[in-house]
There are 4 protein chains.
Amino acid sequence: MLFILKEATSEKKLEQVREVIKEMGLKYHLIQDGKRIKFFIQNSNPKQNGQIKSLEQIDYSEEINVPYPLASRYVKNEDSIVKVGNIEIGGDKACVIAGPCAVENREQLNDIAKELSGLGVQLFRGGAYKPRSSPYAFQGLKEEGLKYLTEVKEKFGLKVVTEVINTETLKEVEKVADILQIGSRNMQNFDLLKEVGKSKRPILLKRGMSATIQDFLMSAEYILAQGNSQVILCERGIRTFETATRNTLDLNAIPLLKQLTHLPVIVDPSHGTGIRELVAPMTFAGIAAGAHGITVEVHCKPEEALSDGMQSLTPQQFEKLYYKFNKLEAALK
Amino acid sequence: MLFILKEATSEKKLEQVREVIKEMGLKYHLIQDGKRIKFFIQNSNPKQNGQIKSLEQIDYSEEINVPYPLASRYVKNEDSIVKVGNIEIGGDKACVIAGPCAVENREQLNDIAKELSGLGVQLFRGGAYKPRSSPYAFQGLKEEGLKYLTEVKEKFGLKVVTEVINTETLKEVEKVADILQIGSRNMQNFDLLKEVGKSKRPILLKRGMSATIQDFLMSAEYILAQGNSQVILCERGIRTFETATRNTLDLNAIPLLKQLTHLPVIVDPSHGTGIRELVAPMTFAGIAAGAHGITVEVHCKPEEALSDGMQSLTPQQFEKLYYKFNKLEAALK
Amino acid sequence: MLFILKEATSEKKLEQVREVIKEMGLKYHLIQDGKRIKFFIQNSNPKQNGQIKSLEQIDYSEEINVPYPLASRYVKNEDSIVKVGNIEIGGDKACVIAGPCAVENREQLNDIAKELSGLGVQLFRGGAYKPRSSPYAFQGLKEEGLKYLTEVKEKFGLKVVTEVINTETLKEVEKVADILQIGSRNMQNFDLLKEVGKSKRPILLKRGMSATIQDFLMSAEYILAQGNSQVILCERGIRTFETATRNTLDLNAIPLLKQLTHLPVIVDPSHGTGIRELVAPMTFAGIAAGAHGITVEVHCKPEEALSDGMQSLTPQQFEKLYYKFNKLEAALK
Amino acid sequence: MLFILKEATSEKKLEQVREVIKEMGLKYHLIQDGKRIKFFIQNSNPKQNGQIKSLEQIDYSEEINVPYPLASRYVKNEDSIVKVGNIEIGGDKACVIAGPCAVENREQLNDIAKELSGLGVQLFRGGAYKPRSSPYAFQGLKEEGLKYLTEVKEKFGLKVVTEVINTETLKEVEKVADILQIGSRNMQNFDLLKEVGKSKRPILLKRGMSATIQDFLMSAEYILAQGNSQVILCERGIRTFETATRNTLDLNAIPLLKQLTHLPVIVDPSHGTGIRELVAPMTFAGIAAGAHGITVEVHCKPEEALSDGMQSLTPQQFEKLYYKFNKLEAALK
């Protein structure tokens, strides 16, 4: 049940409502939606609802019948903005996340970071822990990779987006990550979702390969329900019958998600296509569809990359993309 | 086998090559690719190849190992442009096709045509023959529909795009249609493809719901092989597990097709989403992905439409889309 | 609307109902469902319904709200049996259709027919007209193929199942075919469905590659609505992300279709798998799932087949399959 | 690289090979394939290969170029049999796993266990930890559920199959589980796969909703590579465009997997269909396709089940299925 407070409820009166709910032993979510403050309570009974509703501070209440209430526009209509340093994700300006698929060694990471930093990129991606389909494939440098990420972060003043693959290493990864990424294969690793729901870091949640929009939003709800409201959704392609591309980038998901949820939605044209030449056009398509940002794989020597070389851009290719991206963004306003 | 003539081969010398090939009893396709003239022959034997290759007019020859040679960039690298009156499809300017799903009655068609014509739309769509999943659904006005299309065509000076669903009615439809549309369900109706391959009209070929890119190009090849080189490809969404949208618009197909084929590629955001609110963002996405044009469903009273009302725009909604479309197009250059 | 006559309505009284409906200018379908006779009328208005319902011969009426009324168990609950000579499809005994993908030449067809006939096979398949994805692939022997089919039919006393791909050649194909096959790519070629709906021949309707169960039944409805009630449904695999097999044979469809429709349902493990070694186990699986029969591709020299060689069995392999098939069928009773 | 020892190599000589490999610092897998003993080494270099190959005990060596060597028939051709008490999975007799989706309370579990035990079922399933798409859905009784499972296990002499959803609770679940189940959503939770790869318990690995056969086998390889060779594969349906059933049970996977791997393959017709009435026919279909067993959901009051009620059988329905299952199994031999 959602309880909407009267406009201009004082901090003191707000506290009173809070107290009443706490005394009932109920868990609540406090939501600031534009000028309104709202309480969302998942498990209240009709009697409790009646009592809360009768409080003078409550304007009205609404029953929410969607399987992902906290993620939905029904509970919060205003767009959510996730802040990372002075960067805002979900607002008017589309964000750019770029970097290699994986951290491979100190030099590789430094070279890419230098190039991207020089182009004005502020959000740097790179995986220290890599979930791979084959047990014999490169699984990431792990702690060593985190160390190199820390180095480039400090050296170039970058914010880092990096993947966390299990609860055991979450604390370690959190020390370096400005944004924690949950990969496609872990989109329904519910234990991991719960744990990152308790983190202070923003979460970049990638859509699962066969996840419906509803599945995707319910996974976001897992994180929100634990109290972490800084969730960024990422469309990265779904699995279909088409094999000419690595995945089928479902850009319909961008405007549809924006209709259903207040959370920022970004797009990953690298995994969404798997083909270098398609990354730029699909970046532009994603932005034109309304995405709040992009995440793109860049590697100084794609032909030597330990993973995803086929879909990685060189810094030169990325520079061209970035130039046109900025031009397009301006036109879309 | 593809035979490339020397540059600046005179008309007379070209005629000599033609004669030699004809005498061998071979069927050929003459292709103008930029400054070069090429002969593509499907079924020649090694001996014949040797004889043709030895002609003085021939510069060199190439074996083409792709299942859709005529559609491929290997045979013709230069972008093909389909001309309809003074409109060019496949060139620098993206085309706009708009109109109702079906011709429903004289007044309905006139009203929409008037509105769209007033906005500057030159290519008008509307089905007189409607392939429908249910035998009890509205199947189109047929001949009567063609009559109304003829009327608006003359009255407003529009060019008409309309669907042909069988070989029996092809001659009738050809009289009205400036562009013949082959619908998704007929993308592998090979008999129909062969017949429109003999038509003088340009063909708008829509991708089948479960057609791979290769299937799609092989269907185009059916038309090209019959001698009709004016084929426009249309991405209109594929069938996937996602049910929140009517289809999954596969925009990856746009840059991928442009890489593989010289044929123009347009996008249908109406069928590709099935949801009115998603049509505008996916139009922009399609254009940003590089599409040579769009086809959009417009209806003055979408809530009364006999088919596809959920995905039809009002003229007012279309006007907004059209304004932003033009702005975006300019920015992308 | 469905009108159910009283039990033991005399032929004379039945005729009276018929007359009333005819006078109203309504088209009807007369259905024998076990002991009951029913009239199904698609487009009657409430007033007409009232009049018909008030006739003394009418027991009761029912509104049918399913998009495929004639195909549904709501209109006819009793299993339909399609008779071809003395063979019953849809009854207790599963039928076996076997033969090559395509008629390739007189000798090839004769050899296979001889082998299969010797094993007791009565229903022989083979395509004279072949819809092929590529315009350059073998498209069938056409009229010549029909001639060879006629020869083996007479020589070995076989019943023939062969595909019809357009309305132009329907009359020709009908002369030879004991069962007319509509291929997957034509499942939504609605014009063709309407034409075969007027034929006296039973129709073997194959499921489209991306057809839902509802699409499939609506396509059957197209045929039934024209008066041809002898429709056999065939599950032959759908298109999914899995590429290790040619298609994904959806055996769930077998019991599900049997729940929804009275029409016989058979299975095609050859196209459903595309891999010779999988044909036998998937035949058994289909029968165990409740299929009313199978259709299997057999070729004396699969390695030389002009189409579908990879999925064709040799007569020896088929013999083993047939032996186990019979054993299994007995056990399932 | 795979090294095949000479037949009749003595234990002492085998030990010598082992020593050589150990001294090289290589990790190896010792495989008994019929009468032959083999060493599989993943990361040896050419020089090491030469040295090992030159040992007198080595008959010959083979390079294995498949992404799932240990799971493949190339490394081990003989069918693997997983033993649970006196039950063999993967041998001639198909196994039967039955029980509720989730452990709901002591009484519910006891009632079902009693019924199934009375029918002769030896392998009992039931989840104490439930991964659910919604954070607000019933997530299982957890430790309490494990306690009830322990009780019925002891009371009725059953072997228990139960799901493990994370590494934290693995030790707890292992105490109760005779077979550890890895659910579909965790098929690519590689950390969890590695941990159960170190367990002494057999693993029931369910196919992911969008996992190809190759993905599935690579996930099995994760477990095998850690030293646990007791892996049972379970086909449980994939996600496709068809929504009339919960999933599309891909029975093609059964004979295909049996061709590619020596591991036992069972089928889950409950999740594979999601519809009670389809469970029995699809059980029979699975067995006819060659599955080594089934896992079926049974609940005394399906209408009150906290999860998967729509697809659960009553004990009476299960009894009928079980009777026909046994009859069918006999016929298939």
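Chain identifiers are assigned alphabetically (A, B, ...) following the order of the sequence lines, protein sequences preceding nucleic acid strands; residue numbering begins at 1 within each chain. In this text the structure is predicted, and so the values were computed from the model without any measurement.
- Interface residue A:Ala211: only backbone heavy atoms are found under 4.5 Å from chain B.
- The stretch residues 283-292 of chain A places A:Phe284, A:Ala285, A:Ala288, A:Ala289 near chain B, each with some heavy atom under 4.5 Å from a heavy atom of that chain.
- Of all the heavy atoms in B:Phe241 and A:Thr212, the pair that sits closest is CE1-N, 3.8 Å.
- Among the candidates B:Leu278, B:Thr240, B:Leu328, the residue making the largest number of heavy-atom pairs closer than 4.5 Å to chain A is B:Leu278.
- Of the listed residues B:Thr243, B:Leu332, B:Asp215, B:Ile213, the one with more heavy-atom pairs under 4.5 angstrom with chain A than any other is B:Ile213.
- Identified by a heavy-atom distance below 4.5 Å to chain B, the contributing residues of residues 247-260 of chain A are A:Asn247, A:Thr248, A:Leu249, A:Asp250, A:Leu251, A:Asn252, A:Pro255, A:Leu256, A:Gln259, in residue-number order.
- Contacts of residues 313-327 of chain A with chain B at a heavy-atom distance below 4.5 Å involve A:Lys324, A:Lys327, listed in sequence order.
- Scanning residues 261-269 of chain B against chain A with a 4.5 Å non-hydrogen threshold yields no residues.
- Within 6.0 Å of CD on B:Glu63 lie no more than 12 heavy atoms contributed by other residues, nucleotides or ligands.
- Most heavy-atom pairs under 4.5 Å with chain B: of the set A:Ser210, A:Gly272, A:Gly237, this distinction falls to A:Ser210.
- A distance of 11.0 Å separates CD of A:Glu242 from CZ of B:Phe216, quoted to the nearest 0.5 Å.
- Comparing A:Pro281, A:Ala280, A:Ala244 by heavy-atom pairs within less than 4.5 Å of chain B, the highest count is held by A:Pro281.
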